[in-house]
Amino acid sequence: MKMIDIAIEHTGDTLIVRLCGELDHHQADTVRTHMESSLSAPHVRHIVLNCAQLTFMDSSGIGVILGRYKQIIPRQGKLLICNANETVHRLMELAGLFKIATLVKDEGEAMQHVGVLQ
Amino acid sequence: MKMIDIAIEHTGDTLIVRLCGELDHHQADTVRTHMESSLSAPHVRHIVLNCAQLTFMDSSGIGVILGRYKQIIPRQGKLLICNANETVHRLMELAGLFKIATLVKDEGEAMQHVGVLQ
Amino acid sequence: MNTFTLSFASRSENESFARVAVSAFAAQLDPTVEEIREIQTVISEAVTNAIIHGYQDRTDGTVTIYGRIQDGSLHVSIIDFGVGMEDVALARTPLYTSKPDLERSGIGFTIMEQLCDAIEVDSAPGRGTRIELCKRIAPVMVS
Amino acid sequence: MNTFTLSFASRSENESFARVAVSAFAAQLDPTVEEIREIQTVISEAVTNAIIHGYQDRTDGTVTIYGRIQDGSLHVSIIDFGVGMEDVALARTPLYTSKPDLERSGIGFTIMEQLCDAIEVDSAPGRGTRIELCKRIAPVMVS
Ligand SMILES: Nc1ncnc2c1ncn2[C@@H]1O[C@H](COP(=O)(O)OP(=O)(O)O)[C@@H](O)[C@H]1O
Ligand SMILES: Nc1ncnc2c1ncn2[C@@H]1O[C@H](COP(=O)(O)OP(=O)(O)O)[C@@H](O)[C@H]1O
(Lines give C-alpha, C1' and ligand atoms only; values in the text may rest on other atoms or scores of the structure.)
(Ligands and ions follow the chains in the order given, each with its own letter.)
Protein backbone atom coordinates (compact mmCIF):
# COMPACT_ATOMS: atom_id res chain seq x y z
CA MET A 1 0.00 0.00 0.00
CA LYS A 2 1.97 2.92 -1.30
CA MET A 3 0.10 5.95 -0.01
CA ILE A 4 2.94 8.43 -0.28
CA ASP A 5 5.64 9.31 -2.77
CA ILE A 6 8.54 11.58 -1.87
CA ALA A 7 10.69 13.30 -4.45
CA ILE A 8 13.71 15.15 -3.07
CA GLU A 9 15.79 17.53 -5.18
CA HIS A 10 19.10 19.01 -3.97
CA THR A 11 19.78 22.58 -5.17
CA GLY A 12 22.86 24.14 -3.60
CA ASP A 13 22.24 24.26 0.15
CA THR A 14 18.51 23.63 -0.27
CA LEU A 15 16.35 20.50 -0.30
CA ILE A 16 13.18 20.70 -2.33
CA VAL A 17 10.84 18.05 -0.94
CA ARG A 18 7.73 17.20 -2.97
CA LEU A 19 5.19 15.08 -1.13
CA CYS A 20 2.59 13.22 -3.15
CA GLY A 21 -0.24 11.28 -1.50
CA GLU A 22 -1.28 10.88 2.14
CA LEU A 23 0.96 11.60 5.11
CA ASP A 24 -0.32 9.98 8.29
CA HIS A 25 1.28 8.10 11.21
CA HIS A 26 1.60 4.94 9.08
CA GLN A 27 3.57 6.83 6.42
CA ALA A 28 5.51 9.12 8.76
CA ASP A 29 8.52 6.79 9.08
CA THR A 30 9.02 6.64 5.33
CA VAL A 31 9.05 10.41 5.02
CA ARG A 32 11.32 10.83 8.04
CA THR A 33 13.82 8.27 6.76
CA HIS A 34 14.02 9.81 3.28
CA MET A 35 14.39 13.35 4.56
CA GLU A 36 16.94 12.40 7.22
CA SER A 37 19.13 10.67 4.70
CA SER A 38 19.11 13.78 2.49
CA LEU A 39 19.78 15.98 5.51
CA SER A 40 22.86 13.92 6.33
CA ALA A 41 24.67 15.95 3.65
CA PRO A 42 26.25 18.62 5.91
CA HIS A 43 25.96 21.49 3.41
CA VAL A 44 22.15 21.27 3.32
CA ARG A 45 20.59 24.14 5.25
CA HIS A 46 17.15 24.97 3.90
CA ILE A 47 14.05 22.87 3.24
CA VAL A 48 11.35 23.77 0.73
CA LEU A 49 8.22 21.67 1.27
CA ASN A 50 6.03 21.55 -1.83
CA CYS A 51 2.61 20.23 -0.76
CA ALA A 52 0.85 20.59 -4.12
CA GLN A 53 0.27 16.83 -4.41
CA LEU A 54 -0.23 16.18 -0.70
CA THR A 55 -3.90 15.15 -0.57
CA PHE A 56 -4.02 14.37 3.14
CA MET A 57 -2.00 15.10 6.25
CA ASP A 58 -2.69 14.81 9.96
CA SER A 59 -0.73 15.80 13.08
CA SER A 60 1.72 12.93 12.56
CA GLY A 61 2.88 14.83 9.48
CA ILE A 62 3.28 17.98 11.55
CA GLY A 63 5.53 15.96 13.87
CA VAL A 64 7.73 14.82 10.98
CA ILE A 65 8.05 18.38 9.63
CA LEU A 66 8.90 19.82 13.04
CA GLY A 67 11.44 17.04 13.58
CA ARG A 68 13.24 17.90 10.35
CA TYR A 69 13.04 21.63 11.13
CA LYS A 70 14.88 20.96 14.39
CA GLN A 71 17.65 19.35 12.35
CA ILE A 72 18.27 22.51 10.30
CA ILE A 73 18.06 25.02 13.18
CA PRO A 74 21.75 24.50 14.16
CA ARG A 75 22.63 25.18 10.50
CA GLN A 76 20.68 28.48 10.50
CA GLY A 77 18.36 26.82 7.97
CA LYS A 78 14.94 28.01 6.89
CA LEU A 79 11.79 26.00 6.31
CA LEU A 80 9.60 27.17 3.44
CA ILE A 81 6.18 25.73 2.61
CA CYS A 82 4.06 26.12 -0.52
CA ASN A 83 0.90 24.91 -2.25
CA ALA A 84 -0.83 23.14 0.66
CA ASN A 85 -4.53 22.47 0.11
CA GLU A 86 -7.06 24.24 2.34
CA THR A 87 -7.30 21.51 4.99
CA VAL A 88 -3.55 20.88 5.18
CA HIS A 89 -2.95 24.63 5.37
CA ARG A 90 -5.46 24.98 8.19
CA LEU A 91 -3.77 22.14 10.07
CA MET A 92 -0.38 23.81 9.69
CA GLU A 93 -1.87 27.02 11.01
CA LEU A 94 -3.45 25.24 13.99
CA ALA A 95 -0.05 23.71 14.71
CA GLY A 96 1.59 27.14 14.66
CA LEU A 97 3.86 25.99 11.85
CA PHE A 98 3.83 29.40 10.15
CA LYS A 99 5.46 30.93 13.23
CA ILE A 100 8.66 29.11 12.32
CA ALA A 101 8.18 28.40 8.60
CA THR A 102 7.77 30.85 5.75
CA LEU A 103 4.67 30.49 3.62
CA VAL A 104 5.50 31.02 -0.05
CA LYS A 105 3.43 30.92 -3.23
CA ASP A 106 5.44 28.27 -5.05
CA GLU A 107 8.89 26.71 -5.43
CA GLY A 108 10.05 29.71 -7.46
CA GLU A 109 9.29 32.16 -4.67
CA ALA A 110 10.88 29.72 -2.22
CA MET A 111 14.13 29.69 -4.22
CA GLN A 112 14.15 33.51 -4.39
CA HIS A 113 13.88 33.55 -0.59
CA VAL A 114 16.73 31.13 0.00
CA GLY A 115 18.74 32.94 -2.71
CA VAL A 116 18.45 36.14 -0.69
CA LEU A 117 19.51 34.24 2.42
CA GLN A 118 22.84 33.10 0.93
CA MET B 1 -25.69 12.09 -1.62
CA LYS B 2 -25.72 12.63 -5.35
CA MET B 3 -23.81 9.65 -6.72
CA ILE B 4 -25.18 9.78 -10.23
CA ASP B 5 -25.93 12.42 -12.84
CA ILE B 6 -27.99 11.66 -15.92
CA ALA B 7 -27.96 13.85 -19.01
CA ILE B 8 -30.47 12.89 -21.71
CA GLU B 9 -30.40 14.39 -25.20
CA HIS B 10 -33.19 13.84 -27.75
CA THR B 11 -32.00 13.60 -31.37
CA GLY B 12 -34.76 12.63 -33.80
CA ASP B 13 -35.99 9.20 -32.72
CA THR B 14 -32.95 8.59 -30.53
CA LEU B 15 -32.20 9.21 -26.84
CA ILE B 16 -28.58 9.80 -25.97
CA VAL B 17 -28.19 8.94 -22.29
CA ARG B 18 -24.99 10.02 -20.57
CA LEU B 19 -24.45 8.48 -17.14
CA CYS B 20 -21.98 10.12 -14.79
CA GLY B 21 -21.09 8.59 -11.42
CA GLU B 22 -22.09 5.32 -9.75
CA LEU B 23 -25.11 3.25 -10.74
CA ASP B 24 -26.11 0.79 -8.02
CA HIS B 25 -29.43 -0.38 -6.52
CA HIS B 26 -29.71 2.83 -4.47
CA GLN B 27 -29.42 4.97 -7.62
CA ALA B 28 -31.38 2.67 -9.95
CA ASP B 29 -34.75 4.35 -9.33
CA THR B 30 -33.42 7.76 -10.31
CA VAL B 31 -32.05 6.47 -13.59
CA ARG B 32 -35.20 4.47 -14.33
CA THR B 33 -37.49 7.45 -13.64
CA HIS B 34 -35.50 9.82 -15.84
CA MET B 35 -35.25 7.39 -18.73
CA GLU B 36 -38.91 6.38 -18.52
CA SER B 37 -40.07 9.95 -18.68
CA SER B 38 -37.97 10.52 -21.80
CA LEU B 39 -39.26 7.27 -23.31
CA SER B 40 -42.85 8.46 -22.83
CA ALA B 41 -42.39 10.49 -26.03
CA PRO B 42 -43.87 7.98 -28.53
CA HIS B 43 -41.50 8.81 -31.40
CA VAL B 44 -38.42 7.74 -29.42
CA ARG B 45 -37.11 4.39 -30.67
CA HIS B 46 -33.36 4.06 -30.04
CA ILE B 47 -31.23 4.47 -26.94
CA VAL B 48 -27.54 5.33 -27.01
CA LEU B 49 -25.92 4.72 -23.61
CA ASN B 50 -22.70 6.67 -23.18
CA CYS B 51 -20.85 5.19 -20.19
CA ALA B 52 -17.69 7.32 -20.45
CA GLN B 53 -18.31 8.94 -17.04
CA LEU B 54 -19.85 5.89 -15.39
CA THR B 55 -17.26 5.01 -12.75
CA PHE B 56 -19.19 2.14 -11.18
CA MET B 57 -22.09 -0.14 -12.05
CA ASP B 58 -23.39 -3.41 -10.61
CA SER B 59 -26.14 -5.83 -11.66
CA SER B 60 -28.83 -3.39 -10.51
CA GLY B 61 -27.68 -1.18 -13.37
CA ILE B 62 -27.98 -4.10 -15.78
CA GLY B 63 -31.58 -4.50 -14.61
CA VAL B 64 -32.38 -0.86 -15.34
CA ILE B 65 -30.83 -1.06 -18.81
CA LEU B 66 -32.69 -4.29 -19.67
CA GLY B 67 -35.91 -2.77 -18.38
CA ARG B 68 -35.58 0.20 -20.74
CA TYR B 69 -34.56 -2.05 -23.60
CA LYS B 70 -37.84 -3.94 -23.16
CA GLN B 71 -39.67 -0.62 -23.58
CA ILE B 72 -38.17 0.02 -27.02
CA ILE B 73 -38.54 -3.53 -28.40
CA PRO B 74 -42.19 -2.92 -29.48
CA ARG B 75 -40.95 0.19 -31.31
CA GLN B 76 -38.29 -1.80 -33.19
CA GLY B 77 -35.75 0.25 -31.26
CA LYS B 78 -32.03 -0.44 -30.89
CA LEU B 79 -29.82 -0.18 -27.81
CA LEU B 80 -26.27 1.06 -28.43
CA ILE B 81 -23.57 1.23 -25.79
CA CYS B 82 -20.22 3.03 -25.82
CA ASN B 83 -17.22 3.97 -23.68
CA ALA B 84 -17.75 1.67 -20.70
CA ASN B 85 -14.69 1.20 -18.50
CA GLU B 86 -13.12 -2.25 -18.29
CA THR B 87 -15.07 -3.48 -15.26
CA VAL B 88 -18.42 -2.14 -16.45
CA HIS B 89 -17.77 -3.65 -19.88
CA ARG B 90 -16.95 -7.01 -18.33
CA LEU B 91 -20.16 -6.89 -16.29
CA MET B 92 -22.19 -6.15 -19.40
CA GLU B 93 -20.56 -9.09 -21.13
CA LEU B 94 -21.27 -11.40 -18.18
CA ALA B 95 -24.88 -10.25 -18.34
CA GLY B 96 -25.08 -11.09 -22.04
CA LEU B 97 -25.97 -7.48 -22.78
CA PHE B 98 -24.03 -7.45 -26.05
CA LYS B 99 -26.32 -10.17 -27.43
CA ILE B 100 -29.09 -7.58 -27.60
CA ALA B 101 -27.18 -4.30 -27.61
CA THR B 102 -24.69 -3.02 -30.16
CA LEU B 103 -21.26 -2.09 -28.88
CA VAL B 104 -20.01 1.09 -30.58
CA LYS B 105 -16.85 3.15 -30.23
CA ASP B 106 -18.50 6.45 -29.36
CA GLU B 107 -21.63 8.56 -29.76
CA GLY B 108 -20.65 9.43 -33.33
CA GLU B 109 -20.54 5.79 -34.40
CA ALA B 110 -23.80 5.24 -32.53
CA MET B 111 -25.52 8.01 -34.49
CA GLN B 112 -24.21 6.58 -37.77
CA HIS B 113 -25.79 3.25 -36.81
CA VAL B 114 -29.18 4.68 -35.99
CA GLY B 115 -28.97 6.90 -39.11
CA VAL B 116 -28.60 3.76 -41.24
CA LEU B 117 -31.57 2.26 -39.42
CA GLN B 118 -33.97 5.08 -40.39
CA MET C 1 -3.21 -11.12 9.76
CA ASN C 2 -5.36 -8.03 9.54
CA THR C 3 -9.11 -8.14 10.18
CA PHE C 4 -12.18 -5.95 10.48
CA THR C 5 -15.89 -6.23 11.27
CA LEU C 6 -18.39 -3.76 9.88
CA SER C 7 -22.09 -3.72 10.74
CA PHE C 8 -24.63 -1.28 9.36
CA ALA C 9 -28.34 -0.70 8.92
CA SER C 10 -30.00 -2.42 5.95
CA ARG C 11 -30.49 0.79 4.02
CA SER C 12 -29.70 1.10 0.36
CA GLU C 13 -27.61 4.26 0.93
CA ASN C 14 -25.15 1.98 2.75
CA GLU C 15 -24.37 -0.02 -0.39
CA SER C 16 -21.81 2.53 -1.54
CA PHE C 17 -20.48 2.96 2.01
CA ALA C 18 -19.91 -0.80 2.28
CA ARG C 19 -18.10 -1.19 -1.03
CA VAL C 20 -15.86 1.83 -0.43
CA ALA C 21 -15.03 0.62 3.09
CA VAL C 22 -14.09 -2.90 1.97
CA SER C 23 -11.99 -1.64 -0.93
CA ALA C 24 -10.21 0.80 1.43
CA PHE C 25 -9.30 -2.19 3.61
CA ALA C 26 -8.15 -4.16 0.57
CA ALA C 27 -5.92 -1.24 -0.44
CA GLN C 28 -3.31 -2.83 1.86
CA LEU C 29 -2.83 -5.56 -0.75
CA ASP C 30 -1.91 -2.91 -3.32
CA PRO C 31 -4.61 -3.90 -5.83
CA THR C 32 -4.84 -2.47 -9.34
CA VAL C 33 -7.61 0.02 -10.17
CA GLU C 34 -9.34 -2.83 -11.99
CA GLU C 35 -9.12 -5.11 -8.91
CA ILE C 36 -10.50 -2.36 -6.68
CA ARG C 37 -13.49 -2.00 -9.01
CA GLU C 38 -14.02 -5.77 -8.98
CA ILE C 39 -13.99 -5.82 -5.18
CA GLN C 40 -16.46 -2.94 -5.10
CA THR C 41 -18.71 -4.77 -7.57
CA VAL C 42 -18.92 -8.06 -5.67
CA ILE C 43 -19.46 -6.31 -2.32
CA SER C 44 -22.20 -4.24 -3.91
CA GLU C 45 -23.91 -7.42 -5.20
CA ALA C 46 -23.78 -9.22 -1.86
CA VAL C 47 -24.85 -6.21 0.23
CA THR C 48 -27.69 -5.32 -2.17
CA ASN C 49 -28.94 -8.91 -1.95
CA ALA C 50 -28.85 -8.80 1.85
CA ILE C 51 -30.95 -5.61 1.80
CA ILE C 52 -33.53 -6.36 -0.89
CA HIS C 53 -33.80 -10.15 -0.65
CA GLY C 54 -32.64 -10.93 2.91
CA TYR C 55 -34.44 -8.04 4.59
CA GLN C 56 -37.04 -7.47 1.84
CA ASP C 57 -36.22 -3.75 1.85
CA ARG C 58 -36.86 -3.39 5.59
CA THR C 59 -34.44 -0.78 6.96
CA ASP C 60 -34.25 -2.14 10.53
CA GLY C 61 -32.04 -5.10 9.70
CA THR C 62 -28.29 -5.31 10.21
CA VAL C 63 -25.78 -6.33 7.57
CA THR C 64 -22.41 -7.49 8.89
CA ILE C 65 -19.20 -7.82 6.94
CA TYR C 66 -16.15 -9.66 8.25
CA GLY C 67 -12.97 -9.03 6.34
CA ARG C 68 -9.49 -10.43 6.62
CA ILE C 69 -6.29 -10.32 4.64
CA GLN C 70 -4.30 -13.52 4.56
CA ASP C 71 -1.60 -14.81 2.20
CA GLY C 72 -2.22 -12.03 -0.30
CA SER C 73 -5.94 -12.71 -0.45
CA LEU C 74 -8.95 -10.73 0.66
CA HIS C 75 -11.52 -12.85 2.49
CA VAL C 76 -14.91 -11.27 3.08
CA SER C 77 -18.12 -12.62 4.60
CA ILE C 78 -21.39 -10.75 4.11
CA ILE C 79 -24.05 -11.77 6.60
CA ASP C 80 -27.74 -10.99 7.03
CA PHE C 81 -30.31 -12.36 9.46
CA GLY C 82 -33.13 -12.07 6.96
CA VAL C 83 -35.43 -14.54 5.22
CA GLY C 84 -32.71 -16.87 3.94
CA MET C 85 -33.00 -19.16 0.93
CA GLU C 86 -34.83 -22.47 0.43
CA ASP C 87 -32.76 -23.56 -2.53
CA VAL C 88 -29.27 -22.11 -2.86
CA ALA C 89 -28.56 -24.00 -6.11
CA LEU C 90 -31.62 -22.44 -7.74
CA ALA C 91 -30.66 -19.00 -6.42
CA ARG C 92 -27.20 -19.34 -7.95
CA THR C 93 -28.57 -20.28 -11.37
CA PRO C 94 -27.60 -17.56 -13.86
CA LEU C 95 -30.53 -15.21 -14.64
CA TYR C 96 -32.68 -16.65 -11.82
CA THR C 97 -34.31 -13.95 -9.73
CA SER C 98 -37.19 -14.13 -7.27
CA LYS C 99 -37.92 -10.45 -7.89
CA PRO C 100 -38.28 -9.82 -11.66
CA ASP C 101 -40.88 -7.14 -10.79
CA LEU C 102 -38.06 -5.10 -9.21
CA GLU C 103 -36.10 -5.29 -12.49
CA ARG C 104 -33.52 -7.59 -10.91
CA SER C 105 -31.35 -9.19 -13.56
CA GLY C 106 -30.57 -12.41 -11.70
CA ILE C 107 -26.84 -12.24 -12.32
CA GLY C 108 -25.63 -11.15 -8.88
CA PHE C 109 -24.29 -14.59 -8.00
CA THR C 110 -22.79 -15.04 -11.47
CA ILE C 111 -20.86 -11.79 -11.03
CA MET C 112 -19.59 -12.82 -7.59
CA GLU C 113 -18.49 -16.20 -8.98
CA GLN C 114 -16.74 -14.65 -11.96
CA LEU C 115 -14.95 -11.80 -10.18
CA CYS C 116 -13.84 -13.83 -7.14
CA ASP C 117 -11.56 -16.84 -6.75
CA ALA C 118 -13.94 -18.64 -4.39
CA ILE C 119 -17.45 -18.22 -3.08
CA GLU C 120 -19.39 -20.12 -0.41
CA VAL C 121 -23.07 -19.61 0.31
CA ASP C 122 -24.60 -20.67 3.58
CA SER C 123 -28.30 -19.99 4.03
CA ALA C 124 -31.30 -21.25 5.95
CA PRO C 125 -34.92 -20.17 5.51
CA GLY C 126 -35.95 -17.77 8.26
CA ARG C 127 -32.43 -17.61 9.63
CA GLY C 128 -30.44 -15.62 7.11
CA THR C 129 -27.57 -15.86 4.68
CA ARG C 130 -23.80 -15.80 4.80
CA ILE C 131 -21.77 -15.29 1.62
CA GLU C 132 -18.04 -15.94 1.84
CA LEU C 133 -15.91 -14.47 -0.90
CA CYS C 134 -12.19 -14.86 -1.47
CA LYS C 135 -10.26 -12.78 -3.94
CA ARG C 136 -6.56 -13.16 -4.48
CA ILE C 137 -4.70 -9.90 -5.06
CA ALA C 138 -0.99 -10.50 -4.57
CA PRO C 139 0.67 -13.79 -5.55
CA VAL C 140 0.39 -16.26 -2.68
CA MET C 141 3.28 -15.86 -0.25
CA VAL C 142 4.88 -18.99 1.14
CA SER C 143 5.17 -18.32 4.89
CA MET D 1 -31.39 7.28 11.60
CA ASN D 2 -28.49 5.50 9.94
CA THR D 3 -25.77 3.79 11.97
CA PHE D 4 -22.68 1.63 11.65
CA THR D 5 -20.13 -0.14 13.83
CA LEU D 6 -16.62 -0.82 12.60
CA SER D 7 -13.99 -2.78 14.53
CA PHE D 8 -10.47 -3.45 13.35
CA ALA D 9 -7.03 -4.54 14.51
CA SER D 10 -4.83 -1.84 16.10
CA ARG D 11 -2.46 -1.70 13.14
CA SER D 12 -1.26 1.55 11.65
CA GLU D 13 -2.21 0.45 8.12
CA ASN D 14 -5.83 0.64 9.29
CA GLU D 15 -5.61 4.39 9.91
CA SER D 16 -6.34 5.16 6.26
CA PHE D 17 -8.97 2.40 6.09
CA ALA D 18 -10.79 3.92 9.07
CA ARG D 19 -10.81 7.48 7.78
CA VAL D 20 -11.95 6.47 4.28
CA ALA D 21 -14.70 4.25 5.72
CA VAL D 22 -16.06 6.98 8.00
CA SER D 23 -15.99 9.60 5.28
CA ALA D 24 -17.78 7.18 2.89
CA PHE D 25 -20.52 6.85 5.51
CA ALA D 26 -20.66 10.63 5.93
CA ALA D 27 -21.06 11.02 2.15
CA GLN D 28 -24.79 10.56 2.78
CA LEU D 29 -24.83 14.06 4.27
CA ASP D 30 -23.50 15.46 0.99
CA PRO D 31 -20.44 17.12 2.54
CA THR D 32 -18.11 19.44 0.66
CA VAL D 33 -14.63 18.20 -0.33
CA GLU D 34 -13.29 20.34 2.50
CA GLU D 35 -15.68 18.76 5.03
CA ILE D 36 -14.71 15.26 3.85
CA ARG D 37 -11.05 16.11 4.44
CA GLU D 38 -11.86 17.48 7.89
CA ILE D 39 -13.73 14.28 8.80
CA GLN D 40 -10.79 12.21 7.55
CA THR D 41 -8.38 14.33 9.60
CA VAL D 42 -10.20 14.00 12.93
CA ILE D 43 -10.78 10.25 12.47
CA SER D 44 -7.10 9.85 11.66
CA GLU D 45 -6.14 11.69 14.86
CA ALA D 46 -8.42 9.65 17.11
CA VAL D 47 -7.56 6.28 15.54
CA THR D 48 -3.82 7.02 15.57
CA ASN D 49 -4.07 7.91 19.27
CA ALA D 50 -5.91 4.65 20.01
CA ILE D 51 -3.13 2.70 18.29
CA ILE D 52 0.00 4.44 19.55
CA HIS D 53 -1.14 5.72 22.94
CA GLY D 54 -4.03 3.41 23.86
CA TYR D 55 -2.40 0.17 22.66
CA GLN D 56 1.22 1.43 22.78
CA ASP D 57 1.75 0.15 19.22
CA ARG D 58 0.62 -3.39 20.08
CA THR D 59 -1.16 -4.83 17.03
CA ASP D 60 -3.46 -7.23 18.92
CA GLY D 61 -5.84 -4.57 20.21
CA THR D 62 -9.22 -3.70 18.70
CA VAL D 63 -10.33 -0.22 17.78
CA THR D 64 -14.09 0.25 17.46
CA ILE D 65 -15.89 3.11 15.75
CA TYR D 66 -19.59 3.74 16.17
CA GLY D 67 -21.09 6.16 13.69
CA ARG D 68 -24.52 7.64 13.28
CA ILE D 69 -26.14 10.32 11.21
CA GLN D 70 -28.79 12.36 12.97
CA ASP D 71 -30.30 15.77 12.21
CA GLY D 72 -27.69 16.56 9.59
CA SER D 73 -24.80 15.75 11.91
CA LEU D 74 -22.22 13.01 11.91
CA HIS D 75 -21.69 11.48 15.36
CA VAL D 76 -18.67 9.21 15.76
CA SER D 77 -17.23 7.43 18.78
CA ILE D 78 -13.72 6.01 18.63
CA ILE D 79 -13.07 3.44 21.35
CA ASP D 80 -10.02 1.54 22.54
CA PHE D 81 -9.52 -0.80 25.48
CA GLY D 82 -5.94 0.28 25.99
CA VAL D 83 -4.03 2.01 28.79
CA GLY D 84 -6.40 4.96 29.17
CA MET D 85 -5.48 8.39 30.59
CA GLU D 86 -4.86 9.57 34.15
CA ASP D 87 -5.50 13.22 33.39
CA VAL D 88 -7.71 14.05 30.43
CA ALA D 89 -7.37 17.82 30.97
CA LEU D 90 -3.59 17.55 30.70
CA ALA D 91 -3.86 15.31 27.63
CA ARG D 92 -6.07 17.88 25.93
CA THR D 93 -3.64 20.73 26.60
CA PRO D 94 -2.35 22.05 23.25
CA LEU D 95 1.18 20.78 22.47
CA TYR D 96 1.14 18.28 25.34
CA THR D 97 2.35 14.84 24.31
CA SER D 98 3.47 11.87 26.40
CA LYS D 99 5.58 10.65 23.47
CA PRO D 100 7.84 13.45 22.26
CA ASP D 101 10.45 10.76 21.42
CA LEU D 102 8.08 9.51 18.68
CA GLU D 103 7.96 13.03 17.16
CA ARG D 104 4.36 13.47 18.25
CA SER D 105 3.33 17.11 17.98
CA GLY D 106 0.75 17.11 20.77
CA ILE D 107 -1.95 18.79 18.72
CA GLY D 108 -4.22 15.82 18.00
CA PHE D 109 -6.85 16.94 20.50
CA THR D 110 -6.58 20.56 19.37
CA ILE D 111 -7.31 19.48 15.80
CA MET D 112 -10.30 17.38 16.86
CA GLU D 113 -11.64 20.33 18.87
CA GLN D 114 -11.14 22.80 16.03
CA LEU D 115 -12.51 20.69 13.18
CA CYS D 116 -15.54 19.30 15.08
CA ASP D 117 -18.57 20.96 16.63
CA ALA D 118 -18.37 18.93 19.83
CA ILE D 119 -15.97 16.49 21.46
CA GLU D 120 -16.28 14.39 24.61
CA VAL D 121 -13.45 12.36 26.09
CA ASP D 122 -14.10 9.49 28.47
CA SER D 123 -11.06 7.62 29.74
CA ALA D 124 -9.95 5.53 32.69
CA PRO D 125 -6.42 4.26 33.41
CA GLY D 126 -6.11 0.59 32.50
CA ARG D 127 -9.59 0.51 30.98
CA GLY D 128 -9.38 2.48 27.77
CA THR D 129 -10.63 5.60 26.04
CA ARG D 130 -13.75 6.71 24.24
CA ILE D 131 -13.72 9.85 22.11
CA GLU D 132 -17.08 11.17 20.93
CA LEU D 133 -17.02 13.60 18.04
CA CYS D 134 -19.91 15.45 16.47
CA LYS D 135 -19.63 17.33 13.22
CA ARG D 136 -22.55 19.15 11.66
CA ILE D 137 -22.71 18.90 7.87
CA ALA D 138 -26.17 19.93 6.70
CA PRO D 139 -28.16 22.64 8.49
CA VAL D 140 -30.13 21.11 11.36
CA MET D 141 -33.50 19.84 10.15
CA VAL D 142 -36.55 20.46 12.33
CA SER D 143 -38.33 17.10 12.41
N1 LIG E 1 -29.10 -12.52 1.04
C2 LIG E 1 -30.12 -13.17 0.45
N3 LIG E 1 -31.21 -13.54 1.17
C4 LIG E 1 -32.25 -14.20 0.58
N5 LIG E 1 -32.27 -14.53 -0.73
C6 LIG E 1 -31.22 -14.18 -1.50
C7 LIG E 1 -30.09 -13.48 -0.96
N8 LIG E 1 -29.21 -13.29 -1.95
C9 LIG E 1 -29.75 -13.83 -3.05
N10 LIG E 1 -30.96 -14.36 -2.79
C11 LIG E 1 -31.84 -15.06 -3.75
O12 LIG E 1 -31.07 -15.44 -4.86
C13 LIG E 1 -31.64 -14.91 -6.07
C14 LIG E 1 -30.55 -14.63 -7.09
O15 LIG E 1 -29.68 -13.60 -6.63
P16 LIG E 1 -28.83 -12.78 -7.67
O17 LIG E 1 -28.10 -13.72 -8.58
O18 LIG E 1 -28.00 -11.79 -6.92
O19 LIG E 1 -29.91 -12.01 -8.57
P20 LIG E 1 -30.91 -10.81 -8.22
O21 LIG E 1 -30.42 -10.08 -7.00
O22 LIG E 1 -30.87 -9.95 -9.44
O23 LIG E 1 -32.25 -11.43 -7.97
C24 LIG E 1 -32.41 -13.69 -5.61
O25 LIG E 1 -33.42 -13.32 -6.52
C26 LIG E 1 -32.95 -14.18 -4.27
O27 LIG E 1 -34.10 -14.96 -4.44
N1 LIG F 1 -6.52 6.78 23.07
C2 LIG F 1 -5.61 7.22 23.97
N3 LIG F 1 -5.21 6.42 24.99
C4 LIG F 1 -4.30 6.84 25.89
N5 LIG F 1 -3.77 8.07 25.88
C6 LIG F 1 -4.15 8.93 24.92
C7 LIG F 1 -5.08 8.55 23.93
N8 LIG F 1 -5.28 9.62 23.12
C9 LIG F 1 -4.50 10.59 23.57
N10 LIG F 1 -3.80 10.21 24.67
C11 LIG F 1 -2.87 11.03 25.46
O12 LIG F 1 -3.10 12.38 25.14
C13 LIG F 1 -1.89 13.00 24.68
C14 LIG F 1 -2.19 14.12 23.70
O15 LIG F 1 -2.77 13.58 22.53
P16 LIG F 1 -2.68 14.42 21.18
O17 LIG F 1 -3.17 15.81 21.44
O18 LIG F 1 -3.42 13.66 20.13
O19 LIG F 1 -1.15 14.50 20.84
P20 LIG F 1 -0.09 13.39 20.38
O21 LIG F 1 -0.83 12.22 19.80
O22 LIG F 1 0.72 14.09 19.36
O23 LIG F 1 0.68 13.00 21.59
C24 LIG F 1 -1.08 11.86 24.12
O25 LIG F 1 0.30 12.16 24.07
C26 LIG F 1 -1.42 10.73 25.09
O27 LIG F 1 -0.66 10.83 26.28
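Chain letters run A, B, ... following the sequence lines, proteins first, then strands; residues in each count from 1. Note that the structure is a prediction, hence the values are computed from the model and not measured.
Judged by distance alone, the side chains of Glu34(D) and Thr87(A) do bring a donor and an acceptor atom under 3.5 Å apart. Side-chain atoms of His26(A) and Glu15(D) form no donor-acceptor pair, as typed in the model, at a separation below 3.5 Å.
A 4.5 Å side-chain heavy-atom check between Glu13(D) and Met3(A) finds every atom pair outside the cut-off. Looking only at side-chain heavy atoms (C-beta outward), Ile107(D) and Ile62(A) come within less than 4.5 Å of each other. In this structure, Arg37(D) and Phe56(A) have side chains that are not in contact, with every pair of non-hydrogen atoms separated by 4.5 Å or more.
With a threshold of 4.5 angstrom between heavy atoms, Asn49(D) does not approach chain A through any atom at all.
Within a 6.0 Å radius of CD in Gln56(D), other residues, nucleotides and ligands contribute more than 12 heavy atoms. The 12-atom threshold is not exceeded at CD of Glu86(A), counting heavy atoms of other residues, nucleotides or ligands nearer than 6.0 Å. Shown here is Arg75(A), whose CZ atom has more than 12 heavy atoms of other residues, nucleotides or ligands within 6.0 Å. No more than 12 heavy atoms of other residues, nucleotides or ligands sit less than 6.0 Å from atom NZ of Lys70(A). Heavy-atom neighbours of His75(D) NE2 from other residues, nucleotides or ligands within 6.0 Å: above the threshold of 12.
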Determine, stepwise, if the pair Ile111(D) / Asp58(A) fulfils side-chain contact (heavy atoms from CB on, under 4.5 Å).
CA-CA 9 Å; Ile111(D) 290 167; Asp58(A) 63 15; 6.0 Å; no

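Between atom OG1 of residue Thr55(A) and atom CD of residue Gln40(D) there is a gap of 8.5 Å, rounded to the nearest 0.5 Å. Here the CD1 atom belonging to Ile65(A) is positioned 9.5 Å from the OG atom belonging to Ser105(D), to the nearest 0.5 angstrom. Atom OG of Ser44(D) is separated from atom NE2 of His25(A) by 10.0 Å, given to the nearest 0.5 angstrom. From Glu103(D), atom CD reaches atom OG of Ser60(A) across 10.5 Å, with rounding to the nearest 0.5 Å.
Most heavy-atom pairs under 4.5 Å with chain D: of the set Ala95(A), Ser59(A), Ala28(A), Gly63(A), this distinction falls to Ser59(A). Chosen from Arg11(D), Glu45(D), Glu38(D), the residue pairing most often with chain A at heavy-atom distances under 4.5 Å is Glu45(D). The most heavy-atom pairs under 4.5 Å with chain D, out of Asn85(A), Leu91(A), Val64(A), come from Asn85(A).
Asp24(A) and Ser16(D) make their closest contact through OD2-N, 4.1 Å (heavy atoms, listed as atom of the first residue, atom of the second, distance).
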